[in-house]
Engineer: 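One structure coming up, written as structure tokens, with questions to follow.
We count ligands from 1, going down the list as the structure has it; atoms in each ligand are counted the same way.
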Amino acid sequence: MAETEIPEDHPRYASLLTRHRIEAGVEKGITSRQGLIAQGRGEAFDYLLGERTLPSADAAARAAAATLLSAAHPVFSVNGNVAALVPAETVELADVVGADLEVNLFNRTEDRMRAIADHLREHGATEVKGLTGDGEIPGLEHDRGTVDADGIGTADVVVVPLEDGDRAEALTAADKTEVVIDLNPGSRSPRTAAIPIVDNVLRAVPNVTAHARELAGVSPAERREIIEGFDADAALEAAEDAIRNGEFETDAKR
Ligand code: ATP
């Protein structure tokens, strides 16, 4: 089925669209088969969250936008799921906040690195980092710690959607401020992040962009206030509470 054939009024439209994009990503060689499993996990959490952006996730997105705009060298790390789900949205966010794009894979293969970089260029990216691989995040085995020295290697702020826990911890240990987008508030990556956005990348990335556009003109002091006012533990707790104590909607939207 082509993307345009999914009826927009289908009660599971977002989930069908997501599955379709991930499947197409696997066919195009940008998403790994492991990525299919990650997607399944994400979908289950999204269902439990009510497939909506919680107010706490919106606050996190706003803090993330303020952090990115205040950064000296922000980098958006892109893996196979992100490239399949939100390629144009990722390029747009990087553009609005002046971030580098760097391909960074759990299972690094040159073919997939190149396919993702090409895919991002097809969606408007001019420069894509990650293929040089001349830098290293300490504390990780070779392939998983490989980054570009002038990308993530020297970044002060990194956006890592759907990152695995080890790498998220190693990036924090390397003094990077991390913005993690992950639907599972219990996963290690959002738990180690300075700013965990517990939301679907499909909603979170455009939301951070919208906040960034709004905050582009505000003073550095005002941005600092937004960042300092954000409470990561409270955001994780709010998401966990929505999952554990929320109710399934029974109306026609589901
Ligand atoms: P950790 O080592 O941190 O515990 P993990 O083993 O939970 O990580 P994986 O299963 O490798 O991590 O990665 C998948 C993660 O990505 C899951 O937490 C899942 O909820 C999340 N995820 C999958 N799809 C999406 C999506 N579309 N938007 C946001 N998060 C997603």
Engineer: Please state which protein non-hydrogen atom is closest to atom 5 (P) of ligand 1 and give its distance, to 0.1 Å?
Structural biologist: Arg41 NH1, 3.6 Å
Engineer: In a check of salt bridge (charged side-chain N to carboxylate O under 4.0 Å, His left out) between Arg191 and each of Glu178, Glu240, Glu237, which one passes?
Structural biologist: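 So, applying the salt bridge (charged side-chain N to carboxylate O under 4.0 Å, His left out) to Arg191 and each of Glu178, Glu240, Glu237, only Glu240 qualifies.
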Engineer: Has ligand 1 got any nitrogen or oxygen that is less than 3.5 angstrom from a nitrogen or oxygen of Ser187?
Structural biologist: yes
Engineer: Quick one: look up the protein heavy atom nearest atom 13 (O) of ligand 1 and list residue, atom name and how far away it is.
Structural biologist: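 Among all protein heavy atoms, the one nearest atom 13 (O) of ligand 1 is Ala38 CB, 4.1 Å.
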Engineer: Could you list the atoms of ligand 1 found under 4.0 angstrom from a heavy atom of Asn184?
Structural biologist: 18 (O), 20 (O)
Engineer: Considering distance alone, does some N or O of Gly165 sit under 3.5 Å from an N or O of ligand 1?
Structural biologist: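 Among all N and O atoms of Gly165, at least one is under 3.5 Å from an N or O of ligand 1.
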Engineer: Would you mind listing which atoms of ligand 1 come within a distance below 4.0 Å of any non-hydrogen atom of Gly42?
Structural biologist: 19 (C), 20 (O), 22 (N), 23 (C), 24 (N)
Engineer: Show, in sequence, the C-alpha distance, side-chain angles and deciding distance for Leu183 and Asn200, and conclude whether the side chain to side chain contact (heavy atoms under 4.5 Å, CB included) test is met.
Structural biologist: CA-CA 6 Å; Leu183 280 157; Asn200 196 321; 4.2 Å; yes
Engineer: Would you check if the side chain of Asp182 reaches a backbone N or O of Leu162 as a donor-acceptor pair within less than 3.5 Å?
Structural biologist: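 No.
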Engineer: Starting from atom 28 (N) of ligand 1, locate the nearest protein heavy atom and write down its residue, its atom name and how far away it is, to 0.1 Å.
Structural biologist: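 Of the protein heavy atoms, Val201 N, 3.0 Å lies nearest.
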Engineer: If the threshold is 4.0 Å, N to carboxylate O, is there a salt bridge linking Arg223 and Glu228?
Structural biologist: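 Salt bridge: no.
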Engineer: Given the rule in the side chain to side chain contact (heavy atoms under 4.5 Å, CB included) test, do Arg144 and Ile137 qualify, once you have shown the distances and angles that lead to the verdict?
Structural biologist: CA-CA 8 Å; Arg144 301 193 37 227; Ile137 300 295; over 6 Å; no
Engineer: Closest non-hydrogen protein atom to atom 27 (N) of ligand 1, residue and atom name please, with distance?
Structural biologist: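 Its nearest protein heavy-atom neighbour is Asn200 OD1, 2.9 Å.
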Engineer: Which of these passes side-chain contact (heavy atoms from CB on, under 4.5 Å) with Val179: Val159, Val160, Val208?
Structural biologist: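 For Val179, the side-chain contact (heavy atoms from CB on, under 4.5 Å) test succeeds with only one of Val159, Val160, Val208, which is Val159.
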Engineer: Which atoms of ligand 1 are found less than 4.0 Å from any heavy atom of Arg188?
Structural biologist: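 By the 4.0 Å cutoff, the relevant atoms are 1 (P), 2 (O), 3 (O), 4 (O).
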Engineer: Could you tell me, atom by atom, which parts of ligand 1 come under 4.0 Å of a heavy atom of Ser189?
Structural biologist: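 Once the distances to Ser189 are compared, the set is 3 (O).
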Engineer: With a 4.5 Å cut-off on side-chain heavy atoms, are Glu89 and His123 touching?
Structural biologist: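 Of all side-chain heavy-atom pairs linking Glu89 with His123, none is under 4.5 Å.
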Engineer: To the nearest 0.5 Å, what is the distance between OG (Ser219) and CZ (Arg224)?
Structural biologist: 8.0 Å
Engineer: Quick one: does Leu85 get a heavy atom under 4.0 Å from ligand 1?
Structural biologist: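 Under 4.0 Å: yes for Leu85.
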Engineer: How far is atom 15 (C) of ligand 1 from the closest protein heavy atom, and which atom is that?
Structural biologist: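 Atom 15 (C) of ligand 1 sits closest to the protein heavy atom Asp182 OD2, 3.6 Å.
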Engineer: One thing to verify: whether Asp166 and Arg188 come together as a salt bridge, which I'm taking to mean a side-chain N less than 4.0 angstrom from a carboxylate O.
Structural biologist: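 Counted as a salt bridge, because a side-chain N and a carboxylate O are separated by less than 4.0 Å.
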Engineer: Please verify whether a non-hydrogen atom of Asp199 lies at under 4.0 Å from ligand 1.
Structural biologist: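 Asp199 counts as a contact of ligand 1 under the 4.0 Å cut-off.
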Engineer: For ligand 1, is there an N or O atom under 3.5 Å from any N or O atom of Leu183?
Structural biologist: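 Yes - when backbone and side-chain N and O of Leu183 are compared with those of ligand 1, one distance drops under 3.5 Å.
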